[in-house]
Amino acid sequence: MKLGWDEYFMRIAYLCGKRSTCLRRQIGAVIVVDNQIVSTGYNGACKGLEECTDIGCLRDEQKIPSGTRHEICRAVHAEQNAIIQAAVRGVSIKDGTVYCTQSPCVLCAKMLINAQIKRCVVSEPYSESAYVGLFKQAGIEVCFVNAAEGG
């Protein structure tokens, strides 16, 4: 059976997450414009810096709960990396759709709003939901697709 676009791109987002170097979560994101992938991202340390898989997790060491104190983490979120990669390549993501294996944190939501994303497709909820109100105010459509790995 042929996959629909949302399930297709979400499965690719899960595959992107397999590149993650985070010890807590493997998150992937795919940004699509006109049913074409323009950028991808996964959560991990900044380019050229030591990765959590090699030196451990600062958030675990400090017992920081999920969804809080994002500034302590050495990783860049999947959505942020997808936005950054598009910028590095000079590719517009305006009016695009972002596929996220987990719903975005409030910081990523603000970046997606300013990047003029029009639609966000999510597979799994994250522990914080501040993005919902922000996306509603910004007119970003939110859809949920159950396309977990192998699903």
Side-chain angles (χ1 to χ4, degrees), residues 5-6 8-60 62 64 66-145 147-149:
W5 287 116
D6 285 346
Y8 171 72
F9 291 124
M10 186 60 73
R11 286 188 181 200
I12 294 170
Y14 272 99
L15 186 60
C16 291
K18 295 291 187 185
R19 294 272 312 145
S20 172
T21 58
C22 179
L23 297 172
R24 286 185 167 192
R25 289 188 170 84
Q26 292 189 316
I27 308 298
V30 173
I31 300 177
V32 173
V33 176
D34 296 328
N35 285 334
Q36 296 292 315
I37 295 171
V38 295
S39 189
T40 63
Y42 56 88
N43 56 324
C46 294
K47 191 177 288 295
L49 300 185
E50 294 178 301
E51 298 173 348
C52 299
T53 49
D54 296 327
I55 61 173
C57 175
L58 290 172
R59 294 172 57 81
D60 280 347
Q62 296 180 23
I64 297 170
S66 180
T68 64
R69 306 285 318 271
H70 296 287
E71 73 279 5
I72 300 298
C73 184
R74 71 174 50 88
V76 178
H77 289 186
E79 303 92 329
Q80 294 168 346
N81 271 324
I83 292 167
I84 292 164
Q85 288 307 309
V88 166
R89 293 187 182 104
V91 176
S92 176
I93 58 175
K94 182 179 179 185
D95 297 329
T97 297
V98 62
Y99 292 85
C100 306
T101 58
Q102 279 195 343
S103 53
C105 73
V106 68
L107 299 173
C108 289
K110 291 187 238 181
M111 290 180 188
L112 292 165
I113 290 167
N114 279 357
Q116 300 180 36
I117 290 292
K118 291 297 177 200
R119 187 166 178 259
C120 179
V121 181
V122 174
S123 183
E124 301 172 37
Y126 180 53
S127 59
E128 73 176 63
S129 60
Y131 79 96
V132 175
L134 292 172
F135 280 4
K136 185 175 182 177
Q137 288 178 46
I140 296 176
E141 176 188 0
V142 178
C143 303
F144 290 88
V145 171
E149 188 176 355

Under 3.5 Å: donor-acceptor pair, side chain of Asn43, backbone of Arg25: yes
Val142 vs Val132, side-chain contact (heavy atoms from CB on, under 4.5 Å): CA-CA, chis, key distance, verdict: CA-CA 8 Å; Val142 178; Val132 175; over 6 Å; no
Side-chain donor or acceptor of Ser103 paired with backbone N/O of Tyr126 under 3.5 Å: yes
Closest approach of Val106 to Leu134 (non-hydrogen atoms, all atoms of both residues): CG2-CD1, 3.6 Å
Evaluation steps, side-chain contact (heavy atoms from CB on, under 4.5 Å), between Gln80 and Leu107: CA-CA 9 Å; Gln80 294 168 346; Leu107 299 173; 4.3 Å; yes
pair Glu79-Met111: side-chain heavy atoms closer than 4.5 Å: no
Audit row: His77, Ile27, side-chain contact (heavy atoms from CB on, under 4.5 Å) steps and yes/no: CA-CA 8 Å; His77 289 186; Ile27 308 298; over 6 Å; no
Modelled atom types, side-chain donor and acceptor of Tyr42 and Asn81, under 3.5 Å: no
Approximate separation, where rounding is to 0.5 Å, of Glu141 CD and Ile117 CD1: 12.5 Å
For Val32 against Val30, the heavy-atom pair lying closest together: CG2-CG1, 3.7 Å
Within-4.5 Å side-chain heavy-atom neighbours: Val33 and Asp95: no
Atom pair CD1 (Ile37) and CD1 (Ile12), whose distance is rounded to the nearest 0.5 Å: 3.5 Å
Within 6.0 angstrom of Arg119 CZ, more than 12 heavy atoms from elsewhere: yes
Separation of Gln137 CD from Ile113 CD1 (nearest 0.5 Å): 8.0 Å
Min side-chain heavy-atom separation Pro104-Val122 under 4.5 Å: yes
Nearest-0.5 Å distance that lies between atom OG in Ser123 and atom CZ in Phe144: 9.5 Å
Closest contact, heavy atoms only, Val76 versus Cys46: CG2-SG, 3.7 Å
Heavy-atom side-chain proximity of Gln26 to Thr101 below 4.5 angstrom: no
Polar side-chain atom of Thr21 near backbone of Gly44 as donor-acceptor pair, under 3.5 Å: no
Mutual orientation of the aromatic rings belonging to Phe9 and Trp5 [parallel < 30°, tilted 30-60°, perpendicular > 60°]: parallel
Spatial distance of atom NZ (Lys118) from atom CD1 (Ile93) [nearest 0.5 Å]: 12.0 Å
Spatial distance of atom SG (Cys100) from atom OH (Tyr131) [nearest 0.5 Å]: 9.0 Å
Greater than 12 external heavy atoms within 6.0 Å of Asp54's CG: yes
